[in-house]
Amino acid sequence: MEDSITHGKKQKYIFVTGGVLSGVGKGITAASIGAVLQAKGLVVSIQKCDPYLNVDAGLLNPAEHGECFVTKDGAETDLDLGHYERFLDVELTQKNATLSGRLLSQLIADERAGKFGGKTVQLVPHLTHAIQDAIEEAADSDVHIVEIGGTVGDYEGLSFVEAIREFSTRVGRENCLYVHVVYVPFIGTSKEFKTKPAQNALNDLRGFGIVPDAVVVRTDDHAPVNVARKIALFGGVSESAVILLPNAETVYEVPLSIAACGISDVLARFTHNTVKPNLAAWKRLVRQHTSHPETKVDVGIVAKYLDNEDTYISVLEALKSAAWAEKVDLTISWIDAEKATVADFAAHDALLVPGGFGPRGIEGKIAAARYALDHDVPYLGLCLGLQVAVIASSRKAGLKDANSTEFVPTTEQNVVYIMAGQQGKESTGGTLRLGDYTAHLKKDSKVATAYKSRTVTERHRHRYEVNQAFLGDIERGGLVVSGTSPDGKLVEYIESPVNEYFVATQAHPEFKSRPMRAHPLFQGLIRAAKLSSIA
Ligand code: GLN
């Protein structure tokens, strides 16, 4: 690694664990520590270890668990990998997402294949070693960050906690840094922050043999320093290694908060790198995000999961990046696909239909695409958003039964149908077209203009696709194919040649958007929305 400042030194590891409760920003903390280290000139790699028994995140309910993030090599992962990619501007792979289920199924397969030579196969040492091997395999940097999902003490996570404790014997304690993220609630009735649950969480961690090097204290509001003092005292860490992290206006503030507090000395000592992090780009980003430009744009997302914004987190982040790039004040409105009416579609400057599976709310999404097509409302369709647009234009051309066989398996006007070779596997995991695929774009198409390129690669996660036998009808309805797979067999992009901006893709471009580098298709939508909001 020629560009690494610590070239020749040993690989360092930072383990980020959580206490009290999950969902308080452990992933953002891990990613932000990585961003600060990168800004010091270090090469950073990062990994999520999830103790649940699933083999991947593909079959998890997104309403409960948040978005399924897809990597370039087609791994279906936890949404934290999206935070990591956005904060560190890297592209991760299956190696960066380690799940108990994946490791256990390999262990059991190895046991069946007789690879253990008659030994008893046990959680310790066999699973713990498998975890450690997975960590070493993913580490390819100066500093490798490992986030452990859930909270310390969870029954299913014990092997992971033991694995990272032992890890310091494997690579040397001086090469491991343990960061514990705890939550401190504010009790409204007595008007005080309560540190007891955090103290207990630190005791739990110590009970498993890990003394943390730093503690990140998440609070909803700014907490007084005596909270840090108390935690330092009871947690056995120095006060300067306790960082108070209240809710931020934007998550992109967190690297700045981390760099500004005592933990940056801990990181400097640990990495033997005293370079002051260059966070100019992050400062610019936060300034953009917290400024509210005069031009206002309202994008309506037509979706079925409305209770948990994490379900569409990469889409939301991609819209925000595009809004910053176009200097508009963005409002994102949720349109319930199951109840939407024409009045709901008319109330926005642009419409977006994100990816989705299953029939619920599908007619509302088709109606949204039809409304945008008919009324020249800027439209971006992502995966299912392309499929509903194709159904809408086919119906407009007179095919009144046009549908996807995902929703009406028996329709003869199957303008969206299942891929050849995939029939019969619809209900099992792992039969989707996943990960990076390249597309060729038509010359002078809206998408080629937006991307400034005629060859593009995006991530995919779908099973159904456009049935090219109906291309004539789709075109009569107002949409043309503007990009295909290199062999021309699969439709990858469609657009309206006459509308200002009606673009849809079979891919998920949201996964490649970055906070500091807006994705051209999202930026195109926001630019068009800006024009229609001014008009
Ligand atoms: N359900 C559709 C398919 O399987 C779309 C998937 C998606 O939007 N990710 O092709």
Contact check, side chains of [X] and [Y], non-hydrogen atoms, under 4.5 Å:
X      : Y      : value
Asp56  : Arg102 : yes
Val146 : Cys49  : yes
Leu386 : Val390 : yes
Pro354 : Leu384 : no
Phe345 : Val377 : no
Val328 : Pro293 : no

Whether [X] side chain and [Y] backbone form a donor-acceptor pair below 3.5 Å:
X      : Y      : result
Tyr379 : Gly385 : yes
Glu85  : Leu92  : yes
Glu495 : Val503 : no
Thr77  : Leu81  : no
Asp80  : Lys48  : no
Ser485 : Leu490 : yes
Asn414 : Val416 : no
Lys26  : Ile148 : yes
Tyr501 : Leu521 : yes
Asp349 : Val299 : no

**Asked** Can you check side-chain hydrogen bond (donor to acceptor under 3.5 Å, both in side chains) on Gln506 and Glu465, steps first, answer last?
**Response** CA-CA 8 Å; Gln506 192 58 79; Glu465 62 184 276; over 6 Å; no
Please check if any side-chain donor atom of [X] sits under 3.5 Å from a side-chain acceptor atom of [Y], or the reverse.
X      : Y      : value
Gln47  : Thr98  : yes
Tyr84  : Glu147 : yes
Glu67  : Ser314 : yes
Thr93  : Thr71  : no
Ser482 : Ser445 : no
Gln11  : His144 : no
Asp344 : Thr341 : yes

Nearest-0.5 Å distance that lies between atom [atom1] in [X] and atom [atom2] in [Y]:
X      : Y      : atom1 : atom2 : result
Cys383 : Gln387 : SG    : CD    : 5.5 Å
Leu479 : Ile494 : CG    : CD1   : 4.5 Å
Thr295 : Lys327 : OG1   : NZ    : 11.0 Å
Asn467 : Gln413 : CG    : CD    : 11.5 Å
Asn96  : Asp78  : CG    : CG    : 12.5 Å
Arg112 : Ile108 : CZ    : CD1   : 9.5 Å

**Request:** Could you please spell out the steps behind the side chain to side chain contact (heavy atoms under 4.5 Å, CB included) verdict for Leu319 and Ile301?
**Result:** CA-CA 11 Å; Leu319 281 172; Ile301 301 184; 3.9 Å; yes
**Request:** Classify the ring geometry between His460 and His462 as parallel (under 30°), tilted (30 to 60°) or perpendicular (over 60°).
**Result:** tilted
**Message:** Check the orientation of Phe87 and His83. Use parallel for under 30°, tilted for 30 to 60°, and perpendicular for over 60°.
**Reply:** perpendicular
**Request:** Before giving the answer on side chain to side chain contact (heavy atoms under 4.5 Å, CB included), spell out for Asn54 and Leu59 the whole-Å C-alpha distance, their side-chain angles and the decisive distance to 0.1 Å.
**Result:** CA-CA 8 Å; Asn54 301 63; Leu59 299 177; 5.6 Å; no
Closest contact, heavy atoms only, [X] versus [Y]:
X      : Y      : value
Ala303 : Lys365 : CA-CE, 4.3 Å
Ser513 : Ser321 : OG-OG, 3.8 Å
Ile258 : Ser32  : CD1-CB, 3.8 Å
Ser496 : Leu373 : CB-CD1, 4.2 Å
Asn278 : Ala280 : OD1-N, 3.2 Å
Pro51  : Gly157 : CB-CA, 3.7 Å

Look at [X] together with [Y] and state whether they make a salt bridge at an N to O cut-off of under 4.0 Å.
X      : Y      : result
Lys95  : Glu137 : no
Arg459 : Glu91  : yes
Arg395 : Glu363 : yes
Asp110 : Lys115 : yes

Below 3.5 Å, can you tabulate the donor-acceptor pairs from side chains in residues 329-337 to any protein atom, sequence neighbours excluded?
residue: Asp329; atom: OD1; partner: His292; partner atom: ND1; Å: 3.3
residue: Asp329; atom: OD2; partner: Lys296; partner atom: NZ; Å: 3.1
residue: Ser333; atom: OG; partner: Asp298; partner atom: OD1; Å: 3.1
residue: Ser333; atom: OG; partner: Asp298; partner atom: OD2; Å: 3.2
residue: Trp334; atom: NE1; partner: Glu309; partner atom: OE2; Å: 3.3
residue: Asp336; atom: OD1; partner: Glu338; partner atom: N; Å: 2.9

**Request:** Assess whether side-chain hydrogen bond (donor to acceptor under 3.5 Å, both in side chains) is satisfied between Glu317 and Tyr312, documenting all intermediate values.
**Result:** CA-CA 9 Å; Glu317 290 302 318; Tyr312 303 101; over 6 Å; no
**Message:** Applying side-chain hydrogen bond (donor to acceptor under 3.5 Å, both in side chains) as the test, list every pair that has at least one member in residues 279-289; sequence neighbours left out.
**Reply:** His289-Trp324
**Message:** For Glu156, I'd like to know if atom CD has over 12 heavy atoms of other residues, nucleotides or ligands within 6.0 Å.
**Reply:** yes
**Request:** Go through Tyr493 and Val480 one step at a time and tell me if the side chain to side chain contact (heavy atoms under 4.5 Å, CB included) criterion holds.
**Result:** CA-CA 9 Å; Tyr493 291 85; Val480 295; over 6 Å; no
**Message:** For Leu441 and Thr455: C-alpha separation, side-chain torsions, deciding distance, then whether side chain to side chain contact (heavy atoms under 4.5 Å, CB included) applies.
**Reply:** CA-CA 6 Å; Leu441 308 182; Thr455 305; over 6 Å; no
**Message:** Test salt bridge (charged side-chain N to carboxylate O under 4.0 Å, His left out) on Arg433 and Glu492; report intermediate values, then the result.
**Reply:** CA-CA 12 Å; Arg433 182 167 175 254; Glu492 290 276 20; 2.9 Å; yes
**Complete:** So ring-ring contact (aromatic ring centres under 6.0 Å, His included) across residues 44-73, not counting sequence neighbours, yields Tyr52-His65, Phe69-Phe511
